[in-house]
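Notes follow once the structure below has been shown.
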Amino acid sequence: MAVVMDSFLPWILFCLAAMISTVIFFQHKKRCYTSKRKLPPGQLGLPLLGETMEFYRAQRSNRLFEDFVEPRVAKYGKIFKTSLMGSPTVVVNGAEANRFILSNEFKLVISSWPSSSVQLMGRNSIMEKQGEHHRFQRGLITSSLSYSALETLVPKICTAVQLHLQKYWHGKDSISLYCSTKLLTFTIVFECLLGINVEPQMLDTFERVLEGAFAPPINFPGSKFSRAKKARVEIVKMLEKVVAEKRREMEKNSVVGEDTGCMLLSRLVAAMIRGDLTEEEVIDNIVLLVFAAHDTTSFAIAMTFKMLAQHPDCYSRILQEQGDVMKTKKEGEKLGLGDVKRMEYSWQAARESMRLFPPIFGSFRKAVADIEYGGFTIPKGWKVLWTAYGTHYDGEYFEDPMRYDPGRFRELVPPYAYVPFGGGARTCAGYQLAKLNILIFLHYVVTAYHWSLLHPDESIIMDPLPLPSQGMPINISPKYPY
Ligand code: HEM
């Protein structure tokens, strides 16, 4: 045994020496490399914690721009480094930076969602797909929002809005605008886009999932995340039944080709039957669409109404425009796509509201290669955060940026300066649906109701998406007898 040890000892020592010199060599190389690259200015803060607490505090009080982004831009410039939720992060601001980051999706960056969002939305949706898989799934979703699909979608949304107003507004003196539009948006995504009937309790279960989407991914009984996980199990069970039923129906009628009608569920299930999608991909995409549409559209509607309440001159123009559209319709006749296109000023008013109050303040990416930008290096593996505030509140792109002025959208806006719907390969896939939802709802409300804000000074909080703190209650009274 001693002989064996004797003959191996030099080898062991040699290997150890080789390992140590390799480590020293690579560390030296890394140091040289690090010193050659110029990281953006800024503070990484405390180890692990970084500046997460400052970020959360600012976000919670809906002062992410004023308390977090703006002071750092003033101190370091439009590109600065920080560290958030355990990851070194570079925050980029400005149209050129937005263009650079958003148009280099898959090449230099990939989207990066918190672990809780991924677990709750599912790993198989478009949000977790890259490159060709992403392009394919996105194509399926957007084909349900093509021009011809929108033409059939408009009357369906009209019916959904009218039924909603009859059921939840009729006979009431006041309603919560935010809650009402959440329910409506949910119904529009399910019934008009997907072609799935909304059952009682479905919204509650979905909301429980959404509540956990940005919570810490701690799965102990009673935590937001564990409640959300349980709710996801219920939803998956429910959607498995819906998908199986649709599959049976389509196979029975031999409808599996490309021409499956414009309802998105049929398109997804047809792709599943052809073997292009798995059942998990179908289900996770449905959950994601609800998540993506829900709080965003409701907040955009709520902020449009808030702005119109505060700017009566703009509201008069809306009333005029919507009244003109209504006059061209016979009693009971639904709107068509052409009518929505005529709502130009109304859309400018909604766009301006989303400029001042973007429903999504920005989003995170992860660098998949070392990125050279603006004279700095963003190292591979770091996070990148682009923000809508970085351009929406900048006088370089929007004159007198904090003023509400829908008319500014008569002029063309520089590319990537107006980004409430993101940009590049991951631009909002539901943009057209959101636009129809907002404008058709606005039409039926302002032509049929007098309304006023119950709490004109209601604050906006973020949890983590922005929302009116009291659900934006409004007084309502019908313009014409029911
Ligand atoms: C006012 C309402 C909405 C706003 C402000 C909004 C905003 C956004 C933004 C900023 C992104 C890009 C996120 C990123 O770059 O990481 C996005 C992506 C997305 N949105 Fe929307 N959205 C809205 C409504 C909707 C609706 C109604 C749907 C569908 C029913 C939808 C479906 C999606 C999907 C599927 C994606 C992911 C696209 C991809 O990864 O390719 N959104 N949205």
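Counting convention: from 1, in listed order, for ligands and their atoms alike. Residue indices begin at 1 and follow the sequence shown.
Using modelled atom types and a 3.5 Å distance limit, the side chains of R267 and S143 yield a donor-acceptor pair. Using modelled atom types, one finds no donor on one side chain facing an acceptor on the other under 3.5 Å when comparing T82 with T89. Under the 3.5 Å distance criterion, with hydrogens and angles disregarded, a donor-acceptor pair is assigned to the side chains of R365 and S363. In the model, S125 has no side-chain atom that pairs as donor or acceptor with a side-chain atom of E281 under 3.5 Å. If you check the side chains of S180 and W169, you find a donor sitting under 3.5 Å from an acceptor. Counting only N and O atoms by type, the side chains of S115 and Q119 include a donor and acceptor under 3.5 Å apart. Side-chain atoms of S346 and E321 include a donor-acceptor pair closer than 3.5 Å. Neither side chain, H134 nor E128, offers a donor N or O lying under 3.5 Å from an acceptor on the other.
Of the possible donor and acceptor atoms, none in the side chain of N124 sits under 3.5 Å from a partner among the backbone N and O of D284. Between the side chain of Y444 and the main chain of C158, no donor-acceptor pair closer than 3.5 Å is present.
The closest approach between L289 and ligand 1 falls below 4.0 Å for a heavy atom of the residue. Not a single heavy atom of G362 sits under 4.0 Å from any atom of ligand 1.
Heavy atoms of K435 found under 4.0 angstrom from ligand 1: none, in either backbone or side chain. At a heavy-atom cutoff of 4.0 Å, ligand 1 is contacted by no atom of A388, backbone or side chain. Using a 4.0 Å cut-off between heavy atoms, M127 makes no contact with ligand 1 at all. Looking at L433 against ligand 1, only its side chain comes within 4.0 Å, counting heavy atoms. Only the side chain of W386 comes within 4.0 Å of ligand 1, judged by heavy-atom distances. When non-hydrogen atoms are compared, ligand 1 lies under 4.0 Å from the backbone of A292 as well as from its side chain.
Set against the non-hydrogen atoms of R138, the atoms of ligand 1 under 4.0 Å away are 38 (C), 39 (C), 41 (O). Near A425, the atoms of ligand 1 lying under 4.0 angstrom from a non-hydrogen atom of the residue are 41 (O). Taking every heavy atom of H134 and a limit of under 4.0 angstrom, the matching atoms of ligand 1 come to 39 (C), 40 (O), 41 (O). Interface atoms of ligand 1 facing R365, defined by a heavy-atom separation under 4.0 Å, are 14 (C), 15 (O), 16 (O). If you number the atoms of ligand 1 from 1 as listed, the ones under 4.0 Å from a heavy atom of P359 come out as 5 (C).
Residue S363 holds the heavy atom nearest to atom 13 (C) of ligand 1 of all those in S363, G430, G422, P420. For atom 27 (C) of ligand 1, the nearest non-hydrogen atom from the set G423, S125, A293 belongs to A293. Within the set V189, L288, T296, the minimum heavy-atom distance to atom 2 (C) of ligand 1 is found for T296.
E352 pairs in a salt bridge (charged side-chain N to carboxylate O under 4.0 Å, His left out) with only one of the listed residues (R408, K306, R403), which is R408.
Nearest protein neighbour of atom 36 (C) of ligand 1, counting heavy atoms only, is A429 N, 3.9 Å. Of all protein heavy atoms, the one closest to atom 11 (C) of ligand 1 is F421 O, 4.0 Å. Considering only non-hydrogen protein atoms, atom 25 (C) of ligand 1 sits nearest to C428 SG, 3.6 Å. Counting protein heavy atoms only, atom 40 (O) of ligand 1 is closest to R426 NH1, 2.8 Å.
More than 12 heavy atoms of other residues, nucleotides or ligands sit less than 6.0 Å from atom CZ of F364.
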